[in-house]
2 protein chains.
Amino acid sequence: MTEREALAAALELIGQRWALLIVRELLDGAKRFGDLQRALGAPTNILATRLKELTAAGVIHRVPMAHNVLAYRLTDRGGALKDAIDALGAWGAAVERDGAATGS
Amino acid sequence: MTEREALAAALELIGQRWALLIVRELLDGAKRFGDLQRALGAPTNILATRLKELTAAGVIHRVPMAHNVLAYRLTDRGGALKDAIDALGAWGAAVERDGAATGS
DNA sequence: CAGCATCCCGATCGATACTG
DNA sequence: CAGTATCGATCGGGATGCTG
């Protein structure tokens, strides 16, 4: 019963545009703002917004690298999204293979 | 490389608001428009839009039940989303258990 | 240059009213 | 019951500016 609410809550957090892509990008290590921006092609203002939201949600956290240099790294909670990301990615790949409009 | 694109493609289809919730609702059998509307609390116009998009994407399809009665059922492609939905739901449930702002 | 904040516009969301 | 039409609110995104 809470099962539907759990999915809805998850989607409110990481259903926002770019959010899951950001997490996916961080799965292979911490990255900086500019790295994410170039890798994803997302607008900088939205990227900043998402990073703030994901930080507040405890999915990622800011880690200072050096003087005036900081990076974003996944928390344990963020890493736990790997399964979901893989599942969605596999589904997307399957859809691309079959073409866009092939159903049952 | 195509891995990121696959996820992005998947999100373009089912990353829209209500889309994944609709699919989840249909996992336990075909349902009608009003059933979905009441179960999800989604506005009727958006629900209609999503159902059209999901149909076009081959995720669900319209099945006539009786005279003037039709339902929506998942296609094979739609059912393949179960893994992703379960993973996201499990993640959301874990987040709810721990509280909203507990990170690493 | 990296990391944001601001302004503005178009697209999307959402509540409600309306139609077959 | 199964949608469509309308309209205000919100969000995404491009450009730009500001700061360290």
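Below, chain A is the first sequence line, B the second, and so on; all start at residue 1.
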Which atom pair, heavy atoms only, marks the closest approach of E96(A) to A9(B)? OE2-CB, 3.8 Å
Kindly state which residues belonging to residues 36-45 of chain A come within less than 4.0 angstrom of DNA chain D, counting heavy atoms of the residue only, listed by number. P43(A), N45(A)
In whole angstrom, give the distance that lies between atom CG of L70(A) and atom C1' of dC4(C). 11 Å
Footprint ends on DNA chain D, 5' to 3', for atoms under 4.0 angstrom from a heavy atom of chain A, come out as dG12(D) to dG20(D)
To check you understand the geometry: which heavy-atom pair defines the closest contact between W91(A) and L13(B), and what is its length? CH2-CD1, 4.0 Å
Side chain to side chain contact (heavy atoms under 4.5 Å, CB included) between R62(A) and R73(A), intermediate numbers included: CA-CA 6 Å; R62(A) 301 155 58 98; R73(A) 173 150 35 198; over 6 Å; no
For a quick test of reading the model: is some side-chain N or O of Y72(A) closer than 4.0 Å to OP1 or OP2 of dA2(C)? no
Rounded distance (Å) that lies between atom C1' of dA17(C) and atom CD1 of I46(B): 16 Å
Search all heavy atoms of Q37(A) against all heavy atoms of A42(A) and return the closest pair with its distance. NE2-O, 3.0 Å
Per side-chain contact (heavy atoms from CB on, under 4.5 Å), V59(A) is matched among L26(A), L51(A), I22(A), L54(A) by L54(A)
Strictly distance-based, threshold 3.5 Å: is any side-chain N or O of D35(A) a donor or acceptor partner for the main-chain N or O of R32(A)? yes
Crowded around K31(B) NZ? As in, over 12 foreign heavy atoms under 6.0 Å? yes
Between T49(A) and T49(B), which residue's closest nucleotide on DNA chain D lies nearer the 5′ terminus? T49(B)
When clusters are formed by joining ILVMFWY residues with side-chain heavy atoms under 4.5 Å apart, either directly or through shared neighbours, do L74(A) and V63(A) land in the same one? no
Has R50(B) got a side-chain N or O lying under 4.0 Å from the OP1 or OP2 atom of dG14(C)? no
Report the distance from atom CG of L47(B) to atom P of dG14(C), rounded to the nearest whole Å. 12 Å
Which other residues belong to the hydrophobic cluster containing M65(B), where Ile, Leu, Val, Met, Phe, Trp and Tyr are joined when side-chain heavy atoms lie under 4.5 Å apart, directly or via other members? V69(B)
Side-chain N,O (K52(A)) to OP1/OP2 (dG3(C)) below 4.0 Å: no
When you check the phosphate oxygens OP1 and OP2 of dG3(C), does a side-chain N or O of R32(A) lie under 4.0 Å from one of them? yes
Separation of dC4(C) atom P from N68(A) atom CG, nearest Å, is 11 Å
